[in-house]
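Note on naming: letters A, B, ... go to the chains in the order of the sequence lines (proteins, then strands), and numbering restarts at 1 for each one.
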2 protein chains.
Amino acid sequence: MKRNSRLSSTLHILVHMAETQERALTSEQLATFIHTNPVVVRRTIAGIVTSSRGHGGGWQLGRAPEKISLAEISAALGETLLPFGTEPESPGCLVEQAVIAALDDFRVAAERLLAEKLSRITLADLAADFHRRYELIGVTSHAV
Amino acid sequence: MKRNSRLSSTLHILVHMAETQERALTSEQLATFIHTNPVVVRRTIAGIVTSSRGHGGGWQLGRAPEKISLAEISAALGETLLPFGTEPESPGCLVEQAVIAALDDFRVAAERLLAEKLSRITLADLAADFHRRYELIGVTSHAV
DNA sequence: AAGACTCGTAACTAAGTAAGTTACATGAAA
DNA sequence: TTTCATGTAACTTACTTAGTTACGAGTCTT
């Protein structure tokens, strides 16, 4: 995994969950989907979706995929989409302060824009695109 | 330095250069400004601004600060502002492909928006803000 | 109540990234 | 020729994150 692919892998997991809404999926099952470790899965989606312990337990989406936007998911991850360095490294340098102030202003405005765009995409949209690709493969295979 | 603070430190260096346009600054001088190493400075701004070797050499802005936008600088760094992971990790997984496609579309659109915003900020703007802060400190010091 | 199952989490290892550092070849001016 | 400065390679160090192992705690079945 490269940097900030947490959103990417979280979405990957969540779309798989959207495909099997009827039942809970264990972190072990999800781990095989994305070729990683159950503990990594738990760490990744902890606090993002509902979980239940014990026999028959696992992970489930709290709501319908149509109601879950990428903006929510991104916000739930608690990471900024624009990982600028805005901590002063030369305290007292007014040039640095001017740079940081400008980038901070930019970041705040930019994140508002990005959140607005992400709020228009839902998990259901991704699931629909998955199905489109699935049908396409099916047709292709048939043709060949 | 934290992640993706290259834009931040590059701007820090460039505003210092904008303050001394009359002459070239050596990487050693710039390094003391931002409390780092001359080699790190050279690596950071190589290809971004003009350089000259030998006696009296150093680094200089190619144009007036009013003509240099943050969008150019960001583009010259050759890094994406949105460091999503969009390389497939589970080749053949259609769910992952759908996620990556959606994030790629989003990233392209988002970067266009961000570049548009950054193109409205110039190095001269940052330098002006620096001077504003400088005057403010001067007044404060006088008052105390 | 016992056993099986699963999350939650701590602790450690491994891998990758980027800054910092040293060293030196190349080019340019005095 | 000497001095100065970039360009760059090679190495070290620090940090972040994935991966792994282990185990406690909660929950369901029998």
- Take the protein atom CG of B:Leu30 and the nucleotide atom C1' of D:dA5, then report the distance between them rounded to whole Å. 12 Å

- Query: Can you tell me how far the CZ atom of B:Arg132 sits from the CG atom of B:Leu136, to the nearest 0.5 Å?
  - Reply: 6.5 Å

- Check: D:dT17 base within 3.5 Å donor-acceptor of A:Arg6 side chain: no

- What is the distance from CZ of A:Arg42 to P of D:dT20, rounded to the nearest Å? 13 Å

- Determine: side-chain N/O of B:Ser27 to OP1/OP2 of D:dT6, distance under 4.0 Å, yes or no. yes

- Task: Measure from CD on B:Glu87 to P on C:dG16 and round the result to the nearest Å.
- Result: 14 Å

- Stretch residues 49-61 of chain B: residues that reach within less than 4.0 Å of DNA chain C through a heavy atom: B:Arg53, B:Gly54, B:His55

Please tabulate, for the side chains in residues 101-110 of chain B, all donor-acceptor contacts under 3.5 angstrom to protein atoms that are two or more places apart in sequence or on a different chain.
unit_1, atom_1, unit_2, atom_2, d
B:Asp104, OD1, B:Arg107, NH2, 2.7

- Message: Please report the distance, rounded to the nearest Å, between CD in A:Glu28 and C1' in C:dA4.
- Response: 14 Å

- Query: B:Glu19 and B:His131: side-chain donor and acceptor closer than 3.5 Å?
  - Reply: yes

- Within this structure, what is the CD1-to-C1' distance between B:Ile45 and D:dG7, rounded to whole angstrom? 12 Å

- Rounded to whole Å, CD of B:Glu89 lies from C1' of C:dG16 at a distance of 14 Å

- The side chain of A:Val39 lies closest to which of these nucleotides: D:dT20, D:dG19, C:dG20? D:dT20

- Query: Is the backbone of A:Gln21 close enough, under 3.5 Å, to the side chain of A:Gln60 for a donor and an acceptor to pair up by distance?
  - Reply: yes

- Between C:dG8 (P) and A:Asn37 (CG): distance, integer Å: 15 Å

- To the nearest angstrom, the CD1-P distance between B:Ile48 and D:dT6 comes to 16 Å

- Query: Taking all atoms of both residues into account, what is the closest heavy-atom pair of A:Arg63 and A:Lys67, and its distance?
  - Reply: NH1-O, 3.2 Å

- Task: For B:Cys93 and A:His16, work out which heavy atoms get closest and say how close.
- Result: SG-NE2, 3.7 Å

- Considering non-hydrogen atoms only, spot the tightest contact between A:Val99 and B:Val15 and give its length. CG2-CG2, 4.1 Å

